[in-house]
Every structure is written in C-alpha cells, then in structure tokens.
Amino acid sequence: MSPTNLAQDPSVLSANSFSAATFDQDVMTTYGRFPIALERGQGCRIWDTEGNEYLDFVAGIATCTLGHAHPALVAAVTAQIQTLHHVSNLYYIPQQGELAHWLNQHSCADRAFFCNSGAEANEGAIKLARKYAHTVLKIEQPVILTASASFHGRTLATITATAQPKYQKNFDPLVPGFEYVPFNDLAALKDVITTLDQNQRRVAAILLEPLQGEGGVRPGQLEYFQGVRQICDDTGILLILDEVQVGIGRTGKLWGYQNLDIEPDIFTLAKGLAGGIPIGALLSKEFCSAFQPGDHASTFGGNPFACAAALAVLKTLGTENLLENSIQRGEQLREGLGAIASQYSHLIAEVRGWGLINGLVLKNEAELTSIEVIKAAMNSGLLLVPAGPKVVRFVPPLIVSETEVKQALQTVQQVFTDIF
Ligand SMILES: *Cc1c(COP(=O)(O)O)cnc(C)c1O
C-alpha cells in the first residue's frame, strides 16, 4: 500500500459499510471467523450489521462480565476518560492502588501487578516464579510444570506452557524450562517431579487452571488440587493458578480456587476483570513477591481507564449479587442441558462446569462437532463458543436472567430437534 494524505482520505473515518471480503484482505488471517459482523449490544443481547438479534452466551469469551453497555461500566469509563485516561507508571495511579487493594482484600494475595492480557499476566507469573527460584530456592535451571490440554496464552512462553501441540506447531524453538503432566492425576505428577529430580532438574512451580476452559471445560478435582497443594507445601514448589477465564465470579465463587478449597501462591486474571476493557493482573502472596524495581513493567498496565473499569465491575458484582446469580443461572443451565443430553444420549456424553462456565460434551464416536452445533445455534439467534472439537461452551455475562437462560435452552433444544 502506498502512503496517503490522511487529511484528504475519507476512508479512514468511514467504516459504516462493512465488507467481509475487504476485511479478509486487510486483516491477518489468524482467526476462523463466523460470517457475521457484530455492531451493537445491550445486556445479554447483541445485533449484527444486518440487524439480526442474538442472545450472547459467549460474552467475548467469558469476558463481558456485565454484558454490553452496562450503565455502571459506561458511567465509570466515561467519567475516567473525561478526567485522565492514561499516565505512566513513573507516577502513582490512585485507581491502580484502589484496585490492587480490593483484589488483595478479597483474595489470598498480598500484592498485585497489572498488565493488559491473560498471556501477559501468565508471562509475569512465569518471570516471578523464575526469579523466586533463582534468588530464594537457589535453583539454577528452574522447571515449571503445566498440564496437558491446558491453555495459558499465545506468546512464546505461554504457548510453551500450553501443553497442546496445535498451538506450538511451527513456532519452535519453544522456551526452555517447561515440562508437562496429565491433568487431575496426582500419581503422575509425583512421578514426573521424582524423575526430574533424579536428573538434577528441580521443579520451581506448578501452573494449572482450576478448571480448564479452552481445553474442554474440565473442572479440577478437589483431591487432586489438595494433593498438589500438599506437595507444594512439603517441597517449597510454588503453586500458580491461571484464573484468567474462571476468576471474577465466573464459577459462582469470586475465584476458581475457592471451588477446590486451596489457596495458590500466585494467580493470574484478565478476561472478566474489567468486563471487556483490556486488563491483566498478576497476584501473589508476600513471601514470593520477588520483583524489585526494574524487574518487570508494562506501558499500559494498570492505567486509570482500565482500573476504573475493573473497579466498576467489582462493585457491580456486589450491588447486583452476581455471584449468587452465577450459581443460580448455572444450575438452571446445567439442569436444562442435562435434560437435552439425556434426550440425545447418542450424541451428547455429558454436561459439566461450575457456575456460568459450562460445557456440553459431544460423544467422541458421534460424527457431530462443536462447530456444527454452534453454527446451527447462531442461525437460530444464540451465540456459543467451542472449547475444542467436541465441547460446546456456555459462558454468558454474569447478569444473565432466568428468562434468557430459558430462551437459550429452548434454542439448543430446537437445534437438536430440527437438525440432528
Ligand atoms: C484466554 C486465556 C488466556 C489468554 O488470555 P489473552 O488475554 O488472550 O492473552 C490465558 N489463560 C486462560 C486460562 C485463558 O482462558
């Protein structure tokens, strides 16, 4: 493309006639996109450029905690951008301090660092664990264990942490210092730690999701996580939990780890924290907060705008009783999906999840894929997202109503009745 005179170029400002063909020529083809363009949202409803209405059970993938155009979020970000939206971390940022304080008061953490995404939060966690390993545990080549079918992001270190070959293919050499274990298998974890030890390779940290989201909506087992916590207590290995998808009330509890009756040493947040305004957070207990000035930084991280959005989301969790709603609507959804699953037991294996993160798991031997179900639901006005080829994921905004869950269930029922 040749340079243009911006002052005389009307195309820069007129984005009103959408063309998928032009879009596909201009934007890198990193995503397989559904053929609709979304334009406007209100609560749990969203409209495309053709004027079609959808019930949004994707919520930007478990991100729009308060749905779309929520008055509390709109008011907070409007007021903040009219006052001060961005300054450097060269200076104190009051909203950042307030957000860190809220998170520390309401979790097992003592300190927070802010960045802009889940991958970046996990990168921070990996760096923090490595620094702690080098300076406190005196491990020269620290190893971090992660679980198969996990998902931790798309940067080089986080695709290495993500123990799924499809995310790593053609991007090697990967980052050294990671080893994989099967999820929910304590005996295998102990074996791996022992084997590494015998080869003079010491484990510094174990990084896990409390419930694997992307990898198929697989809840962590209580005994497994309690066993992992015990190993960490006995050996000094750090337990890092990736709460990027399940934190902020998604599971019916504020934090995913509360479903497992354990506390992590370090955990990460992003998706739901600011309801769709980009933010990431790394939280840690005091004993392993090993960062010193100069160790880690982010230009945008924790700016007034993003922190004001997060504070509005956290406040609204309380004023609108959204943890309780997450529990109630989640039960309603699982019950309804369970009834559909027993009707179509030749196609559906099970329904699983916590709070408002749920998966409809298709049978391996059935030819049906999650994408086929999702396309049919989309054509009937319901947006859903896959979690792998066999799992249909339901992650609506936490404000979702009883009527909206009922409508979603009717659509899923109709999809299975009409098409399959
Ligand atoms: C989405 C997700 C990430 C990556 O977050 P980005 O903001 O896309 O970088 C990391 N971990 C988990 C568990 C996620 O669900």
Side-chain angles (χ1 to χ4, degrees), residues 28 30-33 58-65 113-129 144-164 166-168 171 175 178 180 183-184 205-220 225 239-251 255-257 259-260 264 266-283 298 300-302 306 309-310 313 353-359 384-388 391 393-396 398:
M28 285 197 192
T30 58
Y31 302 98
R33 293 179 201 269
V58 177
I61 313 190
T63 294
C64 300
T65 308
F113 171 87
F114 296 100
C115 50
N116 314 286
S117 67
E120 211 186 336
N122 288 331
E123 286 270 348
I126 292 162
K127 279 180 70 179
L128 185 62
I144 296 178
L145 299 181
T146 66
S148 49
S150 59
F151 185 79
H152 299 294
R154 300 294 203 124
T155 61
L156 277 172
T158 59
I159 58 167
T160 311
T162 294
Q164 295 196 57
K166 69 173 176 183
Y167 294 110
Q168 303 173 339
F171 296 116
V175 175
F178 291 90
Y180 308 132
F183 190 54
N184 280 335
I206 303 171
L207 167 60
L208 298 168
E209 293 154 90
L211 170 154
Q212 295 187 322
E214 212 70 24
V217 191
R218 288 169 218 274
F225 273 81
L239 177 56
I240 309 173
L241 293 184
D242 179 342
E243 293 254 353
V244 167
Q245 189 157 164
V246 297
I248 316 296
R250 176 59 50 192
T251 68
W255 315 115
Y257 66 75
N259 296 280
L260 299 164
I266 296 172
F267 68 97
T268 54
L269 298 173
K271 288 190 165 85
L273 176 56
I277 304 301
I279 194 170
L282 162 63
L283 290 113
S298 164
F300 290 119
V313 168
W354 292 338
L356 281 174
I357 178 162
N358 292 289
L384 297 169
V385 53
V391 182
R393 185 170 21 164
F394 294 72
V395 280
L398 302 192

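All values derive from a computational prediction rather than experimental measurement. For the numbers below, each heavy atom of this structure counts, side chains included, while hydrogens, waters and symmetry mates do not. Start at 1 and go down the list; that is how both ligands and their atoms are numbered. We number each residue from 1, following the sequence as shown.
Residue-environment remark: CZ (F300) stays at or below the threshold of 12 foreign heavy atoms within 6.0 Å.
Taking P386 as the reference, S370, I371, I374 meet the side-chain contact (heavy atoms from CB on, under 4.5 Å) condition, with sequence neighbours excluded. Judged as a salt bridge (charged side-chain N to carboxylate O under 4.0 Å, His left out), and not counting sequence neighbours, E123 has no contacts. In this structure F151 satisfies the ring-ring contact (aromatic ring centres under 6.0 Å, His included) test together with Y167, sequence neighbours excluded.
For ligand 1, the 4.0 Å heavy-atom shell contains residues S117, G118, A119, N122, F151, H152, G153, E209, D242, V244, Q245, K271.
Of the N and O atoms on the side chains of T158 and N122, not one donor lies less than 3.5 Å from an acceptor on the other residue.
Ion pair R393/E214 flagged as a salt bridge, since at least one NZ, NE, NH1 or NH2 atom sits closer than 4.0 Å to an Asp/Glu carboxylate oxygen.
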